[in-house]
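For reference, the structure discussed in these notes is given below.
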Amino acid sequence: MEKIKIILDVDTGSDDAIAIITALLSDELNVLGITTVNGNKPVENTTENTLRVLDAIGSKVPVYRGCCTTLISELSPARVSRVGAEETIDENGEVVAYHSEYLNLPSAKNKAQDKSAVCYIIETIMNSDDDISIVAVGPLTNIATAMRAEPRIINKIKRIVLMGGGYKVANVTPAAEFNIWKDPEAAQIVITSGANVLLVPLDATHAGCMTYKESEEFRKIGTPSSNIVAELIEERIKAYNAMQPMEIPDSAPPHDALAVCAIIDESVLKDIRFERIDVDFSGGLCDGMTVIDERPFTPPKNAYIALGCDRNKFINMVRQRLIKNKLSK
Ligand code: RIB
Ligand code: CA
């Protein structure tokens with residue numbers, strides 16, 4: 001079967017790292033390039049972290065550094081005063097964080113390409129007649145900027161699967177999910193662009209939490225990829241236990257990996273709906289909220305959103321890739 005060609009846009013990040021490994025170990029995918037963006041950490045960090053992961057698993061997929069700041073939101077300090085901790089001291093007196101400044105991996109030997117992420121996205125899509133999709137698991141700044149600079153890519157992109165948003169679930173504020181909240185204007189541009197967009201929101205990713213059972217099983221596989229994934233799952237469980245306990249005790253959602261699995265096999269998601277979705281970018285209490293208008297007389301619907309996931313299928317998809325441990329391509 002022909003591989004699905006994707007550009008993977010990341011803000012690496014602990015769960016982005018799991019997503020990168022899952023994507024590169026998927027025979028179904030041809031990861032043309034990885035673009036990095038300012039998000040969990042500054043773009044210098046997210047780029048270095050991405051390169052560290054690729055070095056650690058022996059991948060030569062090219063990396064392109066992306067936007068260093070959001071389109072507009074970071075111009076207003078009040079809008080980026082993140083509500084809620086990103087790290088804390090847990091009950092064992094250990095510093096725990098969703099994302100460390102740099103991943104606990106050797107400094108990258110690989111370098112990012114000279115070309116910027118936005119130019120790479122535009123040139124790759126404009127110069128190809130192939131179906132190319134985008135899997136975006138960080139703030140949507142790169143994608144929105146590329147769309148604004150070259151609107152012709154919108155109809156050429158086969159589909160955009162993005163980790164972001166929430167229907168009844170939020171994290172960074174009472175109303176918003178981090179990727180959308182970090183750059184709400186970019187999210188509104190992408191989600192209402194007319195491209196074929198599927199949101200994998202917190203409602204889906206929180207249904208796909210992994211536990212120490214999975215991390216211990218993955219560690220037994222004994223490869224660099226499986227060891228990295230196991231360690232990151234365990235780091236995330238400690239952070240979630242301390243700051244955002246999940247329904248399943250001692251578990252954490254590897255959000256971004258679910259978006260990668262979704263573009264491979266959409267049946268890993270549940271309750272996919274085609275809705276009218278907009279993003280609040282008014283800078284108030286609900287800044288960054290994904291607003292799903294379910295009224296019967298709403299304006300044209302514009303995006304798909306999955307409100308659940310098949311947790312066992314998700315865990316199996318990651319497990320199978322770690323066991324096979326064969327870099328795609
Ligand atoms: O809200 C979860 C998202 O924010 C994930 O992509 C995680 O990496 C962070 O970027
Ligand atoms: Ca991310």
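The residues of the chain are indexed from 1 along the displayed sequence. Side chains included, hydrogens not; waters and symmetry mates left out as well; all remaining heavy atoms used. Counting starts at 1 for both ligands and their atoms, in listed order.
- Considering Ser14, Ser215, Ser251 as possible partners of Arg236, the one that fulfils the side chain to side chain donor-acceptor pair (under 3.5 Å) test is Ser14.
- For the Ca ion (ligand 2), the set of nearby N, O or S atoms under 3.0 Å includes none belonging to Asp15.
- Checked options Asp256, Thr12, Leu258; the residue passing with Val137 is Asp256 (criterion: side-chain contact (heavy atoms from CB on, under 4.5 Å)).
- If you check which protein heavy atom lies closest to atom 8 (O) of ligand 1, you get Asp15 OD1, 2.6 Å.
- Taking 4.0 Å as the cut-off, Lys182 does not count as a neighbour of ligand 1 on heavy-atom distance.
- Heavy-atom neighbours of Lys158 NZ from other residues, nucleotides or ligands within 6.0 Å: at or below the threshold of 12.
- In this structure, Arg319 is not positioned above the aromatic face of Phe314 in the sense of NZ or CZ being under 6.0 Å from the six-membered ring centre and within 45° of the axis.
- Looking at Asp256, its N, O or S atom nearest to the Ca ion (ligand 2) turns out to be OD2.
- Residue contact check: Asn171 has heavy atoms under 4.0 Å from atoms 1 (O), 2 (C) of ligand 1.
- Between Phe178 and Tyr98, the ring center distance fails the sub-6.0 Å criterion.
- Of all protein heavy atoms, the one closest to atom 6 (O) of ligand 1 is Asp256 OD1, 2.6 Å.
- Between the side chains of Asn171 and Gln244, no donor-acceptor pair is found at a separation under 3.5 Å.
- Counting heavy atoms closer than 4.0 Å to ligand 1, residue Thr205 contributes nothing at all.
- Remark: ligand 1 atoms within the under-4.0 Å shell around heavy atoms of Asp16 are 8 (O).
- For Val172, no heavy-atom contact with ligand 1 is shorter than 4.0 Å.
- In terms of polar-atom proximity, defined here as any N/O pair under 3.5 Å, Val137 does make such a contact with ligand 1.
- A donor-acceptor pair shorter than 3.5 Å cannot be found between the side chains of Asp11 and Asn38.
- Nearest to the Ca ion (ligand 2), among the N, O or S atoms that Asp11 has, is OD1.
- Annotation for ligand 1: atoms under 4.0 Å from non-hydrogen atoms of Phe178 are 1 (O), 4 (O), 9 (C), 10 (O).
- For the Ca ion (ligand 2), the N/O/S atoms of Val137 include one lying under 3.0 Å.
- Among the candidates Thr47, Asn49, Asp16, the single residue satisfying the side chain to side chain donor-acceptor pair (under 3.5 Å) test with Thr36 is Thr47.
- At the shortest separation from atom 2 (C) of ligand 1 among protein heavy atoms lies Glu177 OE2, 3.3 Å.
- Taking the six-membered ring where the residue is Trp, Tyr64 and Tyr120 present parallel rings, their angle staying beneath 30° rather than reaching 60°.
- Side-chain contact of Tyr167 with Glu294: a donor-acceptor pair under 3.5 Å is present, judged by distance alone.
- Polar contact with ligand 1: absent for His255 (N/O pair, distance under 3.5 Å).
- In terms of protein heavy-atom proximity, atom 9 (C) of ligand 1 is closest to Asn40 OD1, 3.1 Å.
- Listed by number with element, the atoms of ligand 1 under 4.0 Å from a non-hydrogen atom of Met163 are 2 (C), 3 (C), 5 (C), 6 (O).
- Between the side chains of Asp9 and Thr35, at least one donor-acceptor pair of N or O atoms lies under 3.5 Å.
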